[in-house]
Amino acid sequence: MDTRVSETKEAKRIPQRVLIGKVGLDGHDRGAKYVAHILRDGGYEVIYTGIRRTPKQIVETAIQEDVAVIGLSLLSGAHKRLLQQVMDLLKERDASDIVVIAGGSIPSADIPDLKAMGIAEVFRPGVSSQSILETFASLVKARRPAA
Amino acid sequence: MTNDTQDLVEQVRAGTSQRVRATARLMSLVENYPERIPEFLVGAADWPQARMVIGLTGPPGCGKSVLADRLIRAFRTRNPHNSIGVIAVDPSSPFTGGAFLGDRLRMMRHASDPNVFIRSAATRGHIGGLLLGIKAFIRVLGLAGCRTVLIETVGVGQNETEIVDVADLVVVAIAPGHGDAVQLLKCGLMEVGDIFVVNKGDCEGAAQLYAQLLAVLRLNANGQGRRGADSCLVSALHGRGVEELVDLLEKRAADSEEAWRSRRRQTMVDDVKEAVLEEARQRLSRRLGTGPLATKDFTRILRGEITVPGFVDELLQQLTGTGEVKDHHGGG
(Lines give C-alpha, C1' and ligand atoms only; values in the text may rest on other atoms or scores of the structure.)
Protein backbone atom coordinates (compact mmCIF):
# COMPACT_ATOMS: atom_id res chain seq x y z
CA MET A 1 0.00 0.00 0.00
CA ASP A 2 1.24 3.48 -0.77
CA THR A 3 1.45 4.83 2.76
CA ARG A 4 2.41 8.30 1.62
CA VAL A 5 -0.92 8.77 -0.13
CA SER A 6 -2.92 7.32 2.72
CA GLU A 7 -1.12 9.51 5.25
CA THR A 8 -2.03 12.69 3.43
CA LYS A 9 -5.61 11.48 3.29
CA GLU A 10 -5.52 10.83 7.04
CA ALA A 11 -4.07 14.23 7.80
CA LYS A 12 -6.96 15.84 6.02
CA ARG A 13 -9.55 13.79 7.79
CA ILE A 14 -8.35 13.90 11.40
CA PRO A 15 -10.07 16.68 13.33
CA GLN A 16 -7.85 18.80 15.57
CA ARG A 17 -8.73 19.01 19.25
CA VAL A 18 -8.71 22.34 21.08
CA LEU A 19 -9.66 23.48 24.58
CA ILE A 20 -11.63 26.68 25.04
CA GLY A 21 -12.29 28.06 28.50
CA LYS A 22 -11.84 30.82 31.01
CA VAL A 23 -9.46 31.20 33.94
CA GLY A 24 -9.88 33.52 36.86
CA LEU A 25 -12.88 35.12 38.39
CA ASP A 26 -14.78 36.93 35.65
CA GLY A 27 -17.89 35.10 34.50
CA HIS A 28 -18.48 36.57 31.05
CA ASP A 29 -18.40 33.62 28.69
CA ARG A 30 -19.98 35.09 25.58
CA GLY A 31 -16.65 35.53 23.81
CA ALA A 32 -15.41 32.05 24.74
CA LYS A 33 -18.64 30.46 23.52
CA TYR A 34 -18.48 32.50 20.30
CA VAL A 35 -14.96 31.28 19.57
CA ALA A 36 -15.94 27.70 20.48
CA HIS A 37 -18.83 27.94 18.03
CA ILE A 38 -16.64 29.28 15.22
CA LEU A 39 -14.09 26.54 15.74
CA ARG A 40 -16.76 23.85 15.93
CA ASP A 41 -18.12 25.00 12.58
CA GLY A 42 -14.56 25.14 11.28
CA GLY A 43 -14.22 21.38 11.86
CA TYR A 44 -12.44 21.42 15.23
CA GLU A 45 -13.33 19.26 18.20
CA VAL A 46 -13.78 21.82 20.93
CA ILE A 47 -13.54 20.81 24.57
CA TYR A 48 -15.40 23.57 26.34
CA THR A 49 -14.49 23.90 30.00
CA GLY A 50 -16.58 26.93 31.03
CA ILE A 51 -15.90 29.74 33.44
CA ARG A 52 -13.84 30.31 36.60
CA ARG A 53 -11.24 27.59 36.16
CA THR A 54 -7.84 27.51 37.78
CA PRO A 55 -4.68 27.31 35.65
CA LYS A 56 -4.09 23.83 37.08
CA GLN A 57 -7.54 22.60 36.01
CA ILE A 58 -6.95 23.95 32.50
CA VAL A 59 -3.52 22.35 32.14
CA GLU A 60 -4.55 18.95 33.52
CA THR A 61 -7.62 18.95 31.25
CA ALA A 62 -5.55 19.90 28.20
CA ILE A 63 -3.17 17.02 28.88
CA GLN A 64 -5.90 14.42 29.43
CA GLU A 65 -7.73 15.60 26.32
CA ASP A 66 -4.49 15.68 24.28
CA VAL A 67 -5.37 19.01 22.67
CA ALA A 68 -3.20 20.88 20.20
CA VAL A 69 -4.30 24.33 21.36
CA ILE A 70 -5.57 25.95 24.56
CA GLY A 71 -7.65 29.08 23.96
CA LEU A 72 -8.31 31.16 27.08
CA SER A 73 -10.64 34.11 27.36
CA LEU A 74 -9.85 36.72 30.00
CA LEU A 75 -11.77 39.88 30.80
CA SER A 76 -10.68 40.32 34.38
CA GLY A 77 -7.47 42.27 33.89
CA ALA A 78 -5.48 39.48 35.54
CA HIS A 79 -4.32 38.05 32.20
CA LYS A 80 -0.58 38.43 32.80
CA ARG A 81 -0.54 36.60 36.11
CA LEU A 82 -3.00 33.85 35.11
CA LEU A 83 -1.43 33.17 31.73
CA GLN A 84 2.02 33.05 33.29
CA GLN A 85 0.71 30.38 35.69
CA VAL A 86 -0.70 28.37 32.77
CA MET A 87 2.62 28.58 30.91
CA ASP A 88 4.59 27.58 34.02
CA LEU A 89 2.35 24.59 34.69
CA LEU A 90 2.59 23.42 31.07
CA LYS A 91 6.36 23.56 31.34
CA GLU A 92 6.29 21.71 34.66
CA ARG A 93 4.18 18.97 33.06
CA ASP A 94 6.44 18.70 29.98
CA ALA A 95 3.59 19.92 27.82
CA SER A 96 4.99 23.14 26.39
CA ASP A 97 4.27 21.83 22.90
CA ILE A 98 0.61 22.74 23.47
CA VAL A 99 -0.08 26.09 21.83
CA VAL A 100 -1.70 28.75 24.04
CA ILE A 101 -3.84 31.54 22.62
CA ALA A 102 -5.45 34.32 24.66
CA GLY A 103 -8.42 36.50 23.94
CA GLY A 104 -10.56 39.15 25.57
CA SER A 105 -10.18 42.66 26.90
CA ILE A 106 -6.40 42.69 26.89
CA PRO A 107 -4.68 46.08 26.42
CA SER A 108 -2.50 46.09 23.31
CA ALA A 109 0.34 47.42 25.44
CA ASP A 110 0.42 44.06 27.25
CA ILE A 111 0.67 41.96 24.11
CA PRO A 112 4.48 42.05 23.79
CA ASP A 113 4.81 40.78 27.36
CA LEU A 114 2.33 37.97 26.71
CA LYS A 115 4.12 36.97 23.51
CA ALA A 116 7.39 37.00 25.41
CA MET A 117 6.03 34.48 27.90
CA GLY A 118 5.09 32.20 24.99
CA ILE A 119 1.48 33.08 24.23
CA ALA A 120 1.20 32.38 20.50
CA GLU A 121 -1.50 34.90 19.67
CA VAL A 122 -3.79 37.42 21.37
CA PHE A 123 -7.26 38.11 20.00
CA ARG A 124 -8.72 41.45 20.98
CA PRO A 125 -12.38 42.48 20.67
CA GLY A 126 -13.64 42.81 17.11
CA VAL A 127 -11.45 40.12 15.53
CA SER A 128 -13.19 38.38 12.62
CA SER A 129 -14.14 34.72 12.67
CA GLN A 130 -12.13 34.27 9.47
CA SER A 131 -9.03 35.60 11.15
CA ILE A 132 -9.54 33.32 14.17
CA LEU A 133 -9.84 30.26 11.93
CA GLU A 134 -6.79 31.22 9.87
CA THR A 135 -4.71 31.79 12.98
CA PHE A 136 -5.71 28.45 14.53
CA ALA A 137 -5.01 26.63 11.26
CA SER A 138 -1.53 28.08 10.86
CA LEU A 139 -0.59 27.54 14.53
CA VAL A 140 -1.78 23.93 14.46
CA LYS A 141 0.13 23.35 11.24
CA ALA A 142 3.32 24.85 12.65
CA ARG A 143 3.05 22.94 15.93
CA ARG A 144 5.71 20.38 16.57
CA PRO A 145 4.41 17.86 19.12
CA ALA A 146 6.89 16.64 21.72
CA ALA A 147 8.46 13.31 20.81
CA MET B 1 1.86 -3.77 18.41
CA THR B 2 3.85 -1.02 16.71
CA ASN B 3 6.84 0.60 18.39
CA ASP B 4 5.35 3.99 19.16
CA THR B 5 2.32 2.32 20.73
CA GLN B 6 4.58 0.05 22.75
CA ASP B 7 6.63 3.01 24.01
CA LEU B 8 3.50 4.78 25.20
CA VAL B 9 2.20 1.58 26.80
CA GLU B 10 5.47 1.23 28.73
CA GLN B 11 5.24 4.83 29.93
CA VAL B 12 1.73 4.24 31.23
CA ARG B 13 2.73 0.97 32.89
CA ALA B 14 5.86 2.40 34.48
CA GLY B 15 3.85 5.17 36.10
CA THR B 16 6.37 7.84 35.11
CA SER B 17 5.59 11.55 35.25
CA GLN B 18 4.55 11.17 31.62
CA ARG B 19 1.88 8.59 32.48
CA VAL B 20 -1.09 10.91 31.98
CA ARG B 21 0.22 12.29 28.71
CA ALA B 22 1.00 8.81 27.44
CA THR B 23 -2.51 7.61 28.34
CA ALA B 24 -4.00 10.56 26.48
CA ARG B 25 -1.77 9.94 23.46
CA LEU B 26 -2.74 6.29 23.28
CA MET B 27 -6.35 7.37 23.15
CA SER B 28 -5.54 9.83 20.35
CA LEU B 29 -3.89 7.01 18.39
CA VAL B 30 -7.10 5.00 18.73
CA GLU B 31 -9.17 7.97 17.57
CA ASN B 32 -6.97 9.08 14.71
CA TYR B 33 -5.92 5.70 13.31
CA PRO B 34 -8.93 3.34 13.50
CA GLU B 35 -6.98 0.67 11.60
CA ARG B 36 -4.82 0.31 14.71
CA ILE B 37 -7.71 -0.45 17.08
CA PRO B 38 -7.05 -4.24 16.93
CA GLU B 39 -3.61 -3.60 18.51
CA PHE B 40 -5.44 -2.38 21.59
CA LEU B 41 -7.81 -5.32 21.78
CA VAL B 42 -5.86 -8.31 20.59
CA GLY B 43 -2.43 -7.10 21.69
CA ALA B 44 -3.62 -6.08 25.14
CA ALA B 45 -4.35 -9.49 26.62
CA ASP B 46 -2.10 -8.96 29.66
CA TRP B 47 -3.16 -5.41 30.45
CA PRO B 48 -4.91 -4.82 33.76
CA GLN B 49 -8.62 -4.22 33.36
CA ALA B 50 -11.23 -2.18 35.16
CA ARG B 51 -13.41 -4.01 37.65
CA MET B 52 -16.59 -2.31 36.53
CA VAL B 53 -17.47 -0.57 33.26
CA ILE B 54 -20.60 1.51 33.70
CA GLY B 55 -22.53 2.89 30.74
CA LEU B 56 -24.60 5.98 31.38
CA THR B 57 -27.11 6.76 28.69
CA GLY B 58 -30.32 8.71 28.18
CA PRO B 59 -31.86 11.52 26.14
CA PRO B 60 -30.09 14.88 25.60
CA GLY B 61 -30.38 17.22 28.54
CA CYS B 62 -31.61 14.64 31.06
CA GLY B 63 -28.63 15.40 33.30
CA LYS B 64 -26.17 12.63 32.43
CA SER B 65 -23.07 14.79 32.86
CA VAL B 66 -24.14 16.21 36.20
CA LEU B 67 -24.98 12.68 37.33
CA ALA B 68 -21.56 11.53 36.12
CA ASP B 69 -19.97 14.30 38.20
CA ARG B 70 -21.86 13.07 41.27
CA LEU B 71 -20.90 9.45 40.61
CA ILE B 72 -17.21 10.36 40.30
CA ARG B 73 -17.40 12.17 43.62
CA ALA B 74 -19.22 9.29 45.33
CA PHE B 75 -16.78 6.67 44.03
CA ARG B 76 -13.77 8.78 44.99
CA THR B 77 -15.15 9.33 48.49
CA ARG B 78 -15.93 5.66 49.05
CA ASN B 79 -12.65 4.37 47.66
CA PRO B 80 -10.04 7.11 47.97
CA HIS B 81 -7.27 4.91 46.55
CA ASN B 82 -9.14 3.76 43.46
CA SER B 83 -8.88 5.61 40.19
CA ILE B 84 -11.84 6.25 37.96
CA GLY B 85 -11.81 6.83 34.22
CA VAL B 86 -14.53 8.67 32.38
CA ILE B 87 -15.26 8.69 28.65
CA ALA B 88 -17.75 11.40 27.70
CA VAL B 89 -19.05 11.16 24.15
CA ASP B 90 -20.75 13.95 22.21
CA PRO B 91 -21.75 14.01 18.54
CA SER B 92 -19.57 15.16 15.65
CA SER B 93 -21.18 17.37 13.06
CA PRO B 94 -22.09 15.34 9.98
CA PHE B 95 -21.58 18.53 7.98
CA THR B 96 -18.29 20.03 9.19
CA GLY B 97 -16.72 17.17 11.17
CA GLY B 98 -16.39 19.54 14.12
CA ALA B 99 -17.78 18.91 17.59
CA PHE B 100 -18.67 20.79 20.72
CA LEU B 101 -17.64 18.58 23.62
CA GLY B 102 -19.44 20.00 26.62
CA ASP B 103 -19.89 17.07 29.02
CA ARG B 104 -16.64 17.62 30.83
CA LEU B 105 -17.76 21.11 31.80
CA ARG B 106 -19.94 19.54 34.50
CA MET B 107 -17.06 17.52 35.91
CA MET B 108 -14.37 20.21 36.09
CA ARG B 109 -14.03 20.08 39.87
CA HIS B 110 -12.29 16.73 39.41
CA ALA B 111 -9.76 18.15 36.93
CA SER B 112 -6.92 18.35 39.42
CA ASP B 113 -7.65 15.00 41.09
CA PRO B 114 -4.82 12.68 39.96
CA ASN B 115 -7.10 9.66 40.44
CA VAL B 116 -9.67 10.88 37.91
CA PHE B 117 -8.97 10.69 34.17
CA ILE B 118 -11.63 12.23 31.97
CA ARG B 119 -11.59 12.08 28.19
CA SER B 120 -14.10 13.76 25.90
CA ALA B 121 -14.65 12.09 22.56
CA ALA B 122 -16.58 12.94 19.42
CA THR B 123 -18.47 10.25 17.52
CA ARG B 124 -16.65 11.05 14.21
CA GLY B 125 -19.44 9.55 12.17
CA HIS B 126 -19.88 6.39 14.24
CA ILE B 127 -23.52 5.43 14.73
CA GLY B 128 -24.79 3.95 17.99
CA GLY B 129 -24.10 6.64 20.58
CA LEU B 130 -20.38 5.96 21.09
CA LEU B 131 -17.12 6.22 19.15
CA LEU B 132 -15.58 3.51 17.00
CA GLY B 133 -12.65 2.90 19.34
CA ILE B 134 -14.62 2.76 22.59
CA LYS B 135 -13.41 -0.70 23.58
CA ALA B 136 -9.80 0.30 23.04
CA PHE B 137 -10.43 3.42 25.15
CA ILE B 138 -11.68 1.20 27.97
CA ARG B 139 -8.58 -1.00 27.71
CA VAL B 140 -6.28 2.04 27.84
CA LEU B 141 -8.03 3.31 30.98
CA GLY B 142 -7.65 -0.16 32.50
CA LEU B 143 -3.94 -0.05 31.68
CA ALA B 144 -3.72 3.36 33.35
CA GLY B 145 -5.01 1.75 36.54
CA CYS B 146 -8.67 2.77 36.55
CA ARG B 147 -10.74 0.39 38.67
CA THR B 148 -13.98 1.92 37.48
CA VAL B 149 -14.76 3.21 33.99
CA LEU B 150 -17.78 5.39 33.43
CA ILE B 151 -18.94 5.96 29.86
CA GLU B 152 -21.38 8.73 29.10
CA THR B 153 -22.99 8.20 25.70
CA VAL B 154 -24.23 10.96 23.44
CA GLY B 155 -27.75 12.08 24.22
CA VAL B 156 -29.70 9.19 22.72
CA GLY B 157 -33.05 8.98 21.02
CA GLN B 158 -34.72 5.63 21.11
CA ASN B 159 -32.43 3.23 19.36
CA GLU B 160 -28.77 3.97 20.13
CA THR B 161 -28.09 0.93 22.26
CA GLU B 162 -24.49 0.01 21.41
CA ILE B 163 -23.58 0.70 25.05
CA VAL B 164 -25.03 -2.71 25.97
CA ASP B 165 -22.21 -4.45 24.09
CA VAL B 166 -19.55 -2.29 25.67
CA ALA B 167 -20.47 -1.77 29.34
CA ASP B 168 -20.86 -4.32 32.12
CA LEU B 169 -23.73 -2.37 33.51
CA VAL B 170 -26.05 0.14 31.85
CA VAL B 171 -27.66 3.02 33.70
CA VAL B 172 -30.48 4.67 31.75
CA ALA B 173 -31.29 8.17 32.94
CA ILE B 174 -34.57 9.82 32.09
CA ALA B 175 -36.11 13.06 33.30
CA PRO B 176 -39.59 14.55 33.48
CA GLY B 177 -40.71 16.69 30.57
CA HIS B 178 -39.92 14.28 27.73
CA GLY B 179 -43.38 12.86 27.03
CA ASP B 180 -45.90 10.73 28.89
CA ALA B 181 -45.85 7.11 30.07
CA VAL B 182 -46.23 5.79 26.51
CA GLN B 183 -42.57 6.69 25.92
CA LEU B 184 -41.63 4.18 28.60
CA LEU B 185 -43.20 1.36 26.59
CA LYS B 186 -41.13 1.94 23.46
CA CYS B 187 -38.40 -0.41 22.40
CA GLY B 188 -34.70 0.34 22.37
CA LEU B 189 -33.53 2.58 25.16
CA MET B 190 -36.05 1.26 27.68
CA GLU B 191 -34.86 -2.29 27.10
CA VAL B 192 -31.18 -1.77 27.81
CA GLY B 193 -31.08 -0.54 31.40
CA ASP B 194 -29.85 -2.58 34.33
CA ILE B 195 -30.64 0.42 36.47
CA PHE B 196 -33.12 3.13 35.55
CA VAL B 197 -32.69 6.56 37.07
CA VAL B 198 -35.34 9.25 37.06
CA ASN B 199 -33.18 12.35 37.32
CA LYS B 200 -34.27 15.90 38.12
CA GLY B 201 -36.16 14.50 41.09
CA ASP B 202 -36.54 18.06 42.31
CA CYS B 203 -38.56 19.03 39.22
CA GLU B 204 -42.29 18.88 38.68
CA GLY B 205 -43.49 15.56 37.30
CA ALA B 206 -40.54 13.52 38.57
CA ALA B 207 -42.50 11.56 41.18
CA GLN B 208 -45.21 10.74 38.64
CA LEU B 209 -42.65 9.63 36.06
CA TYR B 210 -40.97 7.45 38.68
CA ALA B 211 -44.29 5.78 39.52
CA GLN B 212 -44.93 5.13 35.82
CA LEU B 213 -41.42 3.73 35.45
CA LEU B 214 -41.93 1.33 38.36
CA ALA B 215 -45.16 0.06 36.78
CA VAL B 216 -43.42 -0.58 33.44
CA LEU B 217 -40.41 -2.27 35.06
CA ARG B 218 -42.70 -4.59 37.02
CA LEU B 219 -44.27 -5.75 33.75
CA ASN B 220 -40.82 -6.31 32.25
CA ALA B 221 -39.70 -8.37 35.22
CA ASN B 222 -42.78 -10.60 34.94
CA GLY B 223 -42.25 -11.32 31.29
CA GLN B 224 -38.58 -12.28 31.29
CA GLY B 225 -36.39 -14.75 33.05
CA ARG B 226 -33.47 -12.38 33.43
CA ARG B 227 -32.85 -10.23 36.45
CA GLY B 228 -35.22 -7.30 36.59
CA ALA B 229 -33.93 -3.75 36.45
CA ASP B 230 -33.37 -1.66 39.53
CA SER B 231 -34.47 1.92 39.72
CA CYS B 232 -34.05 5.04 41.76
CA LEU B 233 -35.19 8.63 41.91
CA VAL B 234 -32.30 11.08 41.87
CA SER B 235 -31.65 14.78 41.85
CA ALA B 236 -28.10 14.95 40.53
CA LEU B 237 -28.11 18.72 40.81
CA HIS B 238 -28.82 18.61 44.55
CA GLY B 239 -27.01 15.32 45.17
CA ARG B 240 -30.12 13.49 46.34
CA GLY B 241 -30.48 9.74 45.72
CA VAL B 242 -26.92 9.43 44.42
CA GLU B 243 -25.71 7.29 47.33
CA GLU B 244 -28.59 4.86 46.73
CA LEU B 245 -27.60 4.66 43.06
CA VAL B 246 -23.99 3.91 44.00
CA ASP B 247 -25.24 1.23 46.43
CA LEU B 248 -27.14 -0.37 43.55
CA LEU B 249 -24.05 -0.24 41.31
CA GLU B 250 -21.81 -1.74 43.99
CA LYS B 251 -24.30 -4.49 44.70
CA ARG B 252 -24.46 -5.38 41.01
CA ALA B 253 -20.68 -5.42 40.85
CA ALA B 254 -20.44 -7.71 43.88
CA ASP B 255 -23.03 -10.10 42.41
CA SER B 256 -21.86 -10.08 38.80
CA GLU B 257 -18.12 -9.45 38.76
CA GLU B 258 -17.46 -13.06 37.80
CA ALA B 259 -20.10 -13.08 35.07
CA TRP B 260 -18.72 -9.82 33.70
CA ARG B 261 -15.23 -11.27 33.51
CA SER B 262 -16.38 -14.27 31.54
CA ARG B 263 -18.49 -12.08 29.28
CA ARG B 264 -15.45 -9.92 28.58
CA ARG B 265 -13.44 -13.02 27.71
CA GLN B 266 -16.21 -13.97 25.32
CA THR B 267 -16.34 -10.52 23.74
CA MET B 268 -12.57 -10.57 23.33
CA VAL B 269 -13.12 -13.53 21.02
CA ASP B 270 -15.67 -11.42 19.17
CA ASP B 271 -13.17 -8.55 19.04
CA VAL B 272 -10.60 -10.85 17.46
CA LYS B 273 -13.24 -11.92 14.94
CA GLU B 274 -13.95 -8.27 14.16
CA ALA B 275 -10.25 -7.58 13.76
CA VAL B 276 -9.85 -10.57 11.41
CA LEU B 277 -12.82 -9.50 9.32
CA GLU B 278 -11.55 -5.94 9.20
CA GLU B 279 -8.13 -7.08 8.01
CA ALA B 280 -9.76 -9.30 5.38
CA ARG B 281 -11.98 -6.45 4.27
CA GLN B 282 -9.00 -4.16 3.88
CA ARG B 283 -7.03 -6.72 1.90
CA LEU B 284 -9.94 -7.38 -0.41
CA SER B 285 -10.53 -3.68 -0.77
CA ARG B 286 -6.90 -3.11 -1.73
CA ARG B 287 -7.00 -6.03 -4.16
CA LEU B 288 -10.15 -4.62 -5.69
CA GLY B 289 -8.48 -1.27 -5.99
CA THR B 290 -10.01 1.86 -7.41
CA GLY B 291 -9.98 3.58 -10.73
CA PRO B 292 -10.55 2.27 -14.26
CA LEU B 293 -9.50 -1.33 -13.61
CA ALA B 294 -11.98 -1.71 -10.75
CA THR B 295 -14.62 -0.10 -12.91
CA LYS B 296 -13.80 -2.65 -15.60
CA ASP B 297 -14.31 -5.44 -13.05
CA PHE B 298 -17.67 -4.02 -12.03
CA THR B 299 -18.72 -3.53 -15.61
CA ARG B 300 -18.23 -7.26 -16.18
CA ILE B 301 -20.72 -7.86 -13.37
CA LEU B 302 -23.14 -5.27 -14.72
CA ARG B 303 -23.02 -6.87 -18.18
CA GLY B 304 -23.87 -10.22 -16.65
CA GLU B 305 -20.55 -11.76 -17.73
CA ILE B 306 -19.96 -12.90 -14.19
CA THR B 307 -22.09 -13.08 -11.04
CA VAL B 308 -21.19 -11.29 -7.81
CA PRO B 309 -20.40 -14.56 -5.97
CA GLY B 310 -18.39 -15.74 -8.99
CA PHE B 311 -16.39 -12.52 -9.01
CA VAL B 312 -15.72 -12.80 -5.27
CA ASP B 313 -14.43 -16.35 -5.86
CA GLU B 314 -12.00 -14.94 -8.45
CA LEU B 315 -10.93 -12.21 -6.07
CA LEU B 316 -10.26 -14.64 -3.22
CA GLN B 317 -8.32 -16.94 -5.54
CA GLN B 318 -6.16 -14.00 -6.62
CA LEU B 319 -5.48 -13.18 -2.98
CA THR B 320 -4.53 -16.70 -1.92
CA GLY B 321 -2.68 -17.23 -5.21
CA THR B 322 -0.20 -14.44 -4.57
CA GLY B 323 -0.20 -14.78 -0.79
CA GLU B 324 0.96 -11.20 -0.85
CA VAL B 325 -1.05 -8.06 -0.41
CA LYS B 326 -0.02 -5.53 -2.96
CA ASP B 327 -2.20 -2.89 -4.45
CA HIS B 328 -2.13 -4.37 -7.93
CA HIS B 329 -4.25 -1.63 -9.40
CA GLY B 330 -2.56 1.23 -7.63
CA GLY B 331 0.89 0.72 -9.08
CA GLY B 332 2.38 1.23 -5.60
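A, B, ... follow the sequence lines: proteins, then strands. Residue 1 opens every chain.
- From A:T49, atom OG1 reaches atom CE of B:M107 across 13.0 Å, with rounding to the nearest 0.5 Å.
- Considering all non-hydrogen atoms of both residues, A:A95 and B:R21 come closest at CA-NH1, 3.5 Å.
- Shown here for B:S112 and A:K56, the closest heavy-atom pair between the two residues is CB-CE, 3.6 Å.
- Salt bridge present: A:D97 and B:R25 bring a charged side-chain N and a carboxylate O closer than 4.0 Å.
- For the atom pair OG of B:S17 and CZ of A:R93, the computed distance is 7.5 Å after rounding to the nearest 0.5 Å.
- To the nearest 0.5 Å, atom CG of residue B:D103 and atom CD1 of residue A:I47 are 11.0 Å apart.
- Contacts between A:I98 and chain B at a heavy-atom distance below 4.5 Å involve the side chain alone, from C-beta outward.
- Under a 3.5 Å cut-off, the side chain of B:R124 and the backbone N or O of A:I14 do not form any donor-acceptor pair.
- Atoms CG and CZ, on A:D41 and B:F100 in that order, are 11.5 Å from each other to the nearest 0.5 Å.
- Within 6.0 Å of CG on B:L277 lie more than 12 heavy atoms contributed by other residues, nucleotides or ligands.
- In terms of heavy atoms, A:T61 sits closest to B:M108 at OG1-CE, 3.5 Å.
- Distance check: A:R53 CZ to B:L105 CG gives 6.0 Å after rounding to the nearest 0.5 Å.
- Scanning both residues, B:A99 and A:R40, for their nearest heavy atoms gives C-CG, 3.7 Å.
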One pair to check against side chain to side chain contact (heavy atoms under 4.5 Å, CB included): B:V116 and A:E60. What are the steps and the verdict? CA-CA 11 Å; B:V116 178; A:E60 292 304 319; over 6 Å; no
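- Interface remark: B:T23 contributes no atoms to any contact with chain A (heavy atom separation under 4.5 Å).
- Minimum interatomic distance between A:R17 and B:R119 (heavy atoms only, all atoms of both residues): NH2-NE, 3.4 Å.
- Within residues 63-85 of chain A, the residues having any heavy atom under 4.5 Å from a heavy atom of chain B are, by residue number, A:I63, A:Q64, A:E65, A:D66.
- Here the closest non-hydrogen pair linking A:Q57 and B:R109 is NE2-CA, 4.0 Å.
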